[in-house]
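Here the structure is a predicted model, which means the values were calculated and not measured. In the text below, chain A, chain B and the rest are named by the order of the sequence lines, each starting its count at 1.
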Amino acid sequence: MNKQQAIFDLALWMGDNTLILGHRLSELCGHGPILEQDIALTNIALDLVGQSRMWLSLAGEVEGKDRTEDDFAYYRGERDFTNVKLVEMPNHHWGYVIARQFIYDAHHLAILEQLVDSSDQAIADIAAKAIKEVQYHLRFSSEWMIRMGDGTAVSHEKAQTSLEDLAPYIKSLTLTDEISTFAAAEGIGFDAGRVEQEAWATMQKVLEEATLKLEPSEYYHKGGKQGLHTEHMGFILAEMQSVVRAMPGNTW
Amino acid sequence: MIEKNLNQIFQARIDSEEKIEARDWMPEKYRQTLIRQISQHAHSEVVGMLPEGNWITRAPSLRRKVALLAKVQDEAGHGLYLYSAAETLGAKRSDLIQQLLDGTAKYSSIFNYPTLSWADIGAIGWLVDGAAIMNQVMLCRTSYGPYARAMVRICKEESFHQRQGYEIMIALSKGSEEQKAMAQDALNRWWWPSLMMFGPNDAESKHTAQSMAWKIKRKTNDELRQAFVDATVPQAEYLGLTIPDADLKWNEERGHYDFGPIDWDEFWQVVKGYGQCNKERIAARRKAEEEGEWVREAALAYAEKQRIKKENQKTKVA
């Protein structure tokens, strides 16, 4: 195991998470509950896909096999994607979408707060750019958690149920393996324990105001990083890659 | 008598190129014409998000995906400016949206055509946005101030969209045989509907004369259509694509391209609600509206709670 591998592993994980979540949000473009919110959610989708491009390009550079951002996005199969399962979860309704976003944002921000000080300059640079965007994402999703939690009985119930349904998917954002532990020790990556602590502190503060409850789930779903995904993932990729795979080798 | 004088003063202001502002006196019919036109325009932007949105998840590169997302988002933004411009005339956004959903308000028929391949995203940017720009550049000088100002901003973004669409067409037409065929097929399907976007021939257009007198419109449908054809033919030639019109040829005497007859039966079929996607587009908007109802209610309920909380705090301080 070496530093290059650790950078590759981290860049790919960040790139896959942001790509799949950005893709999920992009499905909602034109279908939002209010025009202003449609615009806001599309903004977040744009930021995430934009960040993914930077992470995947970095992965390609350190890998040294001439793979581009699009090679990673369009020419890998499901088992090669390393994203957490949380980001694959479908857009059931606004409450679910926001809860998924809120959980991801709280962790994403805590991760980036460490990555801005990464010993790898390229990682630190991407994190520095992304962190401003993610601060806004968290503000947006927090405000909506509060509005839903402290809005009507219906919105409260929808937000609460969504949090409970998503709870088993939270832990995987801070699971470690040999390479991520190495990356953290080398100052390349992040300390997952600290991220977990900070993300939960952030979430609890917002949820208290929202009059909602979230507890760490005793059981949780592993596997995303190892290429084991939910049943949804195959459909995401089938759709996302359809044009490129039908006419491989073309420039678009 | 007073009304007659007001009308004369109003027309004099229009004739001397003064902009009419929201608080100025205006004939009721001018107001209603503008509300109808601006809200149709707003609805077109919002419904227009759907055919292109159909390809966001399948965009064939991440760069294209981001560009398309940004474009569709811009359309939502245009919808917002335009609803706001309509509100300056006393219309309510929620009423206007309701008219769209119950089918009493129209929107541009072009969005009732289906997007069947990735090349359609290029063709829409190039042709549909190109046609829209012809109309919108004119509207930047429309007599109603808030509408004219909204259009200035919209035009800047639209011309960027058009270049983006054309760039997709360049990539496809310089690409593999398959890609080129895809581009040609998209041009074949979008060409005639794009010409129809300018509306009926001048002789048939019921609103044109009054709108021209009020300088809401400054060019007729046929003038704009001709300008579009003249601008677009060389662009198709550059792409090496063939415009699907056997009658298309340069007329030296007129200094314009002649083009073949438009299938007005098809135009009216789509306007009357029987295009390929009329039902689906409205159904998609209704679904967003219905599924968003509890969300809007939650936001209002929360805002109301906050307001009461603030008031109570004020009372305590006092």
Side-chain angles (χ1 to χ4, degrees), chain A residues 19 22-43 45-46 49-50 52-53 56-57 68-70 72-74 93-95 98 143-144 146-156 158-159 236 239-247 249-252, chain B residues 42 45-66 68-70 72-77 79-80 83 93 97 117-118 168 171-172 174-176 178-179 182 284-285 287-306:
Chain A
L19 175 61
H23 180 90
R24 270 293 186 223
L25 294 177
S26 80
E27 293 172 356
L28 292 167
C29 182
H31 304 277
I34 309 168
L35 213 41
E36 284 85 344
Q37 307 314 321
D38 200 312
I39 292 172
L41 214 56
T42 303
N43 247 338
L46 273 167
V49 178
S52 176
R53 296 180 65 190
L56 295 179
S57 296
T68 64
E69 58 185 47
D70 289 335
F72 285 110
Y74 293 95
H93 55 72
W94 179 259
I98 294 295
E143 284 171 359
W144 270 104
I146 294 166
R147 266 186 214 120
M148 290 192 295
D150 197 17
T152 62
V154 173
S155 67
H156 180 93
K158 281 185 186 281
I236 293 175
E239 186 172 348
M240 187 170 81
Q241 300 175 339
S242 60
V243 175
V244 173
R245 296 271 193 143
M247 299 184 192
N250 285 310
T251 305
W252 298 93
Chain B
E45 297 283 355
V46 173
V47 176
M49 296 170 76
L50 299 169
E52 291 180 278
N54 183 34
W55 284 88
I56 289 173
T57 54
R58 292 175 286 176
S61 75
L62 295 184
R63 185 171 79 90
R64 296 284 185 212
K65 191 184 185 77
V66 166
L68 183 56
L69 260 174
V72 178
Q73 186 194 35
D74 280 348
E75 284 158 9
L80 275 185
Y83 283 126
R93 179 167 143 194
I97 290 173
S117 82
W118 169 251
I168 291 175
L172 295 174
K174 306 264 177 275
S176 65
E178 258 176 319
Q179 285 176 305
M182 199 189 220
R285 289 314 312 161
K287 184 164 178 277
E289 191 71 11
E290 281 162 17
E291 288 179 353
E293 195 175 355
W294 71 267
V295 180
R296 294 188 297 274
E297 279 171 3
L300 288 175
Y302 176 74
E304 180 61 13
K305 281 185 194 174
Q306 291 303 103

Would you give the length of the straight line joining atom CG of L68(B) to atom SG of C29(A), rounded to the nearest 0.5 angstrom? 8.0 Å
Taking salt bridge (Lys or Arg N to Asp or Glu O under 4.0 Å) as the cut-off, I'd like each qualifying pair that reaches into residues 22-32 of chain A, sequence neighbours left out, listed once. R24(A)-E27(A)
Residue set satisfying side chain to side chain donor-acceptor pair (under 3.5 Å) with E52(B), at least two apart, ordered chain then number -> K71(B)
Please state whether the side chain, the backbone, both or neither of I98(A) comes within less than 4.5 Å of a heavy atom of chain B. neither
Please determine whether side-chain contact (heavy atoms from CB on, under 4.5 Å) holds for the pair D150(A) and K305(B), giving the CA-CA distance in whole Å, both sets of side-chain angles, and the decisive distance to 0.1 Å. CA-CA 8 Å; D150(A) 197 17; K305(B) 281 185 194 174; 3.2 Å; yes
Which answer fits L69(B), side chain, backbone, both or neither, if we ask what part of it has an atom under 4.5 Å from a heavy atom of chain A? both
Please give me the minimum heavy-atom distance between A299(B) and W144(A), naming the atom from each residue. CB-CH2, 3.9 Å
Most contacts with chain A, counted as non-hydrogen pairs under 4.5 angstrom, among L80(B), V72(B), I97(B): L80(B)
Among E239(A), H31(A), E69(A), who wins on heavy-atom pairs under 4.5 Å with chain B? E239(A)
Counting only heavy atoms closer than 4.5 Å, note whether V46(B) contacts chain A via side chain, backbone, both or neither. side chain
Among H156(A), R147(A), E143(A), which has the most heavy-atom pairs under 4.5 Å with chain B? R147(A)
All heavy atoms of E178(B) vs all of A246(A), minimum pair found to be OE2-O, 4.5 Å
Residue selection (most heavy-atom pairs with chain A, distance under 4.5 Å) from A284(B), G48(B), A59(B): A59(B)
Would you please test T152(A) and W294(B) for side-chain contact (heavy atoms from CB on, under 4.5 Å) and show each step? CA-CA 8 Å; T152(A) 62; W294(B) 71 267; 5.6 Å; no
Select, from E291(B), Q306(B), R296(B), E75(B), the one with the greatest count of heavy-atom pairs under 4.5 Å involving chain A. R296(B)
In this structure, NE2 of H23(A) is separated from CG of L62(B) (nearest 0.5 Å) by 11.0 Å
Scored by heavy-atom pairs under 4.5 Å with chain B, the best of I39(A), V244(A), T68(A), V243(A) is I39(A)
Can you tell me how far CD1 of I34(A) sits from CD of E289(B), rounded to the nearest 0.5 angstrom? 9.0 Å
Using heavy-atom distances under 4.5 Å, tell me whether A45(A) contacts chain B through its side chain, its backbone, both, or neither. both
Tell me which of these, R285(B), M49(B), Q73(B), has more heavy-atom pairs under 4.5 Å with chain A than the rest. Q73(B)
Go through the steps for W252(A) and Q179(B) under the test side-chain contact (heavy atoms from CB on, under 4.5 Å), then give the verdict. CA-CA 9 Å; W252(A) 298 93; Q179(B) 285 176 305; 3.4 Å; yes
Using a cut-off of under 4.5 Å for heavy-atom pairs, which of L28(A), V49(A), L46(A), V154(A) has the most such pairs with chain B? L46(A)
Where on R64(B) is there a heavy atom nearer than 4.5 Å to chain A: the side chain, the backbone, both, or neither? side chain
Between G292(B) and P33(A), what is the shortest heavy-atom contact and its length? CA-CB, 3.4 Å
Chain A heavy atoms under 4.5 Å from L50(B): which part of the residue, side chain, backbone, both or neither? side chain
Please classify the contact between S242(A) and chain B as side chain, backbone, both or neither, with a heavy-atom cut-off of under 4.5 Å. side chain
Do R93(B) and E36(A) sit within salt-bridge range, that is, some charged N less than 4.0 Å from a carboxylate O? yes
Max heavy-atom pair count under 4.5 Å with chain A, selected residue of V47(B), I56(B), I168(B): I56(B)
Checked A298(B), A301(B), S117(B) vs chain A; the most non-hydrogen pairs under 4.5 Å come from A298(B)
